[in-house]
Asker: 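Okay, handing you the structure first.
Residue numbers start from 1 in every chain, and the chains themselves are labelled A, B, ... in the order their sequence lines are given, proteins ahead of strands.
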Amino acid sequence: MKGGWGMRSCREASALMVRAEGERLAWGDRLALAVHLRLCSGCRQFEGQMRLMTQATQRWRQYSERDLDA
Amino acid sequence: MRDTTQSGIGERSLHCRAFHRVSPMTDLAPELERLRPQLLKFALLQLRNPTWAEDAVSETLLAALEKPQAFAGRSQLKSWLIGILKHKLVDQIRRQTKELSTTSADDEDGSLEDQLFTQDGHWRDAPHDWGNPEQSLNQVEFFRVLEACVDKLPGQQGRLFMMREWLELDTDEICKQLAITPTNLWVMLHRARLKLRECLEIQWFNGRSA
């Protein structure tokens, strides 16, 4: 995965995916990320794992309020 | 929960009134003692400092003992306490802002990116297939592993991660409380995610994806 117009490295792409959870990315970043994801299976894997981690922490938050010993 | 309203005070003896006021407290105390370790666990995960965590939990339990009537009608004591604890943790972070901003340099680990990515920014070892990860969300053991992985995050990264994912503070608020810039915040949240991902892969998903 190299070169191309505004193409990002996996390091940058993963950073953008994390940021995208908290704020709306600039148009150029969104485009670059979409192109990168189309071409990079490692980052697609990372994208799915990010979603899973987000779901997991959400569930964990709910668990944390439950009294499992009661 | 017992009714603590003061109706008919005129007819009651002083002793009786005192009894009615104290009684919910004495019921609550052993329950609070039982839940204390669970509250402390989350306080520690959030604050990463045993003294501050103890303080936040003590304040939570005192607040609960002072206002047991606030609990009336709620089905879950723990969720009520966690709600109070979250406020106390935010207070505690606010109080320690200065110290937190000066300790943040301790856990700079810029080398993480170099371990995970090549010089031109590609994965050294691309993320593995996690199989059917949704199944894990139904397993209590998975959440134990998740907690252990969050616990392993370095101090400031861990605090940040918890503020965002557990206290559910927005990023402006976090930057303000920790006196850091948004750029710094995203760098650290990125590192926290990379670490957490790696830890979950090693501790849980490896060997389960077949």
Asker: What is the distance from atom NE2 of B:H122 to atom SG of A:C43, rounded to the nearest 0.5 Å?
Answerer: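 Here the interatomic distance stands at 9.5 Å.
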
Asker: With chain A, which of B:F142, B:W166, B:F161 has the greatest number of heavy-atom pairs at distances under 4.5 Å?
Answerer: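 Answer, by heavy-atom pair count under 4.5 Å with chain A: B:W166.
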
Asker: Does the side chain of A:R59 reach to within under 4.5 Å of the side chain of B:N138, using non-hydrogen atoms?
Answerer: yes

Asker: Checking heavy atoms, do the side chain of B:L200, its backbone, both or neither come under 4.5 Å from chain A?
Answerer: side chain

Asker: What's the verdict on side chain to side chain contact (heavy atoms under 4.5 Å, CB included) for B:L194 and A:F46, showing C-alpha distance, side-chain angles and the deciding distance?
Answerer: CA-CA 9 Å; B:L194 291 170; A:F46 182 79; 3.9 Å; yes

Asker: Measuring heavy-atom distances to chain A, does B:L146 have an atom under 4.5 Å in its side chain, in its backbone, in both, or in neither?
Answerer: side chain

Asker: Of all heavy-atom pairs between A:G42 and B:W123, which one has the smallest distance, and what is that distance?
Answerer: C-NE1, 3.9 Å

Asker: For A:M50 and B:R193: C-alpha separation, side-chain torsions, deciding distance, then whether side chain to side chain contact (heavy atoms under 4.5 Å, CB included) applies.
Answerer: CA-CA 8 Å; A:M50 283 263 302; B:R193 277 308 186 87; 3.0 Å; yes

Asker: With only heavy atoms counted, which part of B:L35 is less than 4.5 Å from chain A, the side chain, the backbone, both or neither?
Answerer: side chain

Asker: Nearest 0.5 angstrom please: A:M53 CE to B:L196 CG, how far?
Answerer: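 A:M53 CE to B:L196 CG: 5.5 Å, rounded to 0.5 Å.
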
Asker: Check this for me: does any side-chain nitrogen of one of B:R164 and A:E21 sit under 4.0 Å from a carboxylate oxygen of the other?
Answerer: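 No, B:R164 and A:E21 are not salt-bridged.
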
Asker: What part of B:I174 is in contact with chain A, defined as an atom under 4.5 angstrom from a non-hydrogen atom: side chain, backbone, both or neither?
Answerer: neither

Asker: Taking A:R11 for the side chain and B:F117 for the main chain, is one N or O donor matched with an acceptor at less than 3.5 Å?
Answerer: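 Between the backbone of B:F117 and the side chain of A:R11 there is no qualifying donor-acceptor contact (under 3.5 Å).
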
Asker: Find the distance between CZ (B:R197) and CD (A:Q45) and round it off to the nearest 0.5 Å.
Answerer: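 Between atom CZ of B:R197 and atom CD of A:Q45 there are 8.5 Å.
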
Asker: Please check if any side-chain donor atom of A:E65 sits under 3.5 Å from a side-chain acceptor atom of B:S79, or the reverse.
Answerer: no

Asker: Side chains of A:S14 and B:H190: do they bring a donor and an acceptor to under 3.5 Å?
Answerer: yes

Asker: Do A:W60 and B:F42 have ring centroids that are under 6.0 Å from one another?
Answerer: yes

Asker: Looking at A:L52 and B:P133, what are the two nearest heavy atoms and their distance?
Answerer: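 Result for this residue pair: CG-CB, 3.5 Å.
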
Asker: For side chain to side chain contact (heavy atoms under 4.5 Å, CB included), just list the numbers for B:D129 and A:Q49, CA-CA rounded to whole Å, side-chain angles, deciding distance to a tenth of an Å, and then say yes or no.
Answerer: CA-CA 9 Å; B:D129 183 6; A:Q49 295 175 355; over 6 Å; no

Asker: Tell me, with the steps shown, if B:L185 and A:R19 meet side chain to side chain contact (heavy atoms under 4.5 Å, CB included).
Answerer: CA-CA 10 Å; B:L185 171 114; A:R19 244 182 57 201; over 6 Å; no

Asker: Could you measure the distance from the SG atom of A:C10 to the CG atom of B:L116? Nearest 0.5 Å is fine.
Answerer: 11.5 Å

Asker: Taking everything shown except B:E141 itself, do over 12 heavy atoms lie less than 6.0 Å from its CD?
Answerer: yes

Asker: To the nearest 0.5 angstrom, please state how far the CD atom of B:E168 sits from the CD atom of A:Q58.
Answerer: 8.0 Å

Asker: Heavy-atom count check: over 12 atoms from other residues, nucleotides or ligands less than 6.0 Å from A:R24 CZ?
Answerer: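 No - once you tally the heavy atoms of other residues, nucleotides and ligands closer than 6.0 Å, there are 12 at most.
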
Asker: Is A:M17 close to chain B through its backbone or its side chain, or both, or neither, when contacts mean heavy atoms under 4.5 Å?
Answerer: neither

Asker: Assess whether atom NE2 of B:H128 is packed by more than 12 heavy atoms of other residues, nucleotides or ligands within 6.0 Å.
Answerer: yes

